[in-house]
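Numbering of ligands and ligand atoms starts at 1, following listing order.
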Amino acid sequence: MSKVTYIDFAGNTTELDLANGMTLMQGALMNGLDGIEGECSGSCACATCHCYVDEAYLGKLPEISENEDELLDSTVSERLPNSRLSCQIRMSDELDGIVVRLPEEQS
Ligand code: FES
């Protein structure tokens with residue numbers, strides 16, 4: 001299990017313990033969090049799982065694939081340098097404590 005903190009657009013914080021291997025999108029949906037939609041169920045095809053990753057963890061994430069990069073260009077809320085798709089981030093010991101902020105809108 002590793003800890004993740006989601007901060008929604010209004011500033012509400014939710015801290016969860018997720019099994020390693022689970023994606024941040026799955027963790028949010030399974031726990032009923034608003035702010036992540038995950039319409040394509042993690043197939044990297046919808047961009048409704050957009051999140052902003054705390055700078056301290058950016059370097060620990062897997063490289064952005066070409067597909068994710070293209071989708072990030074079509075997010076409803078502004079793409080920022082720390083934008084990622086939460087379905088492409090799998091929890092691991094290395095990511096324990098990760099903090100992600102959720103955008104104002106997903107679709
Ligand atoms: S859930 Fe669709 S791209 Fe992440």
Salt-bridge present (Lys60, Asp96; N to O < 4.0 Å):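 Salt bridge between Lys60 and Asp96, a charged N being under 4.0 Å from a carboxylate O: no.
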Just to verify, what does Tyr52 make a ring pair (Phe, Tyr, Trp, His ring centres under 6.0 Å) with, not counting sequence neighbours?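 With sequence neighbours excluded, Tyr52 shows a ring pair (Phe, Tyr, Trp, His ring centres under 6.0 Å) to His50, given in chain and number order.
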Other cluster members, Phe9 - Ile/Leu/Val/Met/Phe/Trp/Tyr, side-chain contacts below 4.5 Å: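 Once heavy-atom contacts under 4.5 Å are chained together, Phe9 still belongs with nothing else.
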Residues clustered with Met1, ILVMFWY side-chain links under 4.5 angstrom: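 Its cluster partners, ordered by chain and number, are none at all.
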Within the structure provided, determine whether Ile89 and Val53 are in side-chain contact (heavy-atom separation under 4.5 Å).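 Counting from C-beta outward, Ile89 and Val53 do come under 4.5 Å.
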What is the total of protein N/O/S atoms that are closer to atom 4 (Fe) of ligand 1 than 2.8 Å?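 Count of protein N, O, S atoms less than 2.8 Å from atom 4 (Fe) of ligand 1: 2.
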Pair Ser107, Glu37: side-chain N/O donor-acceptor within cut-off below 3.5 Å: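 The answer is yes; a qualifying pair exists.
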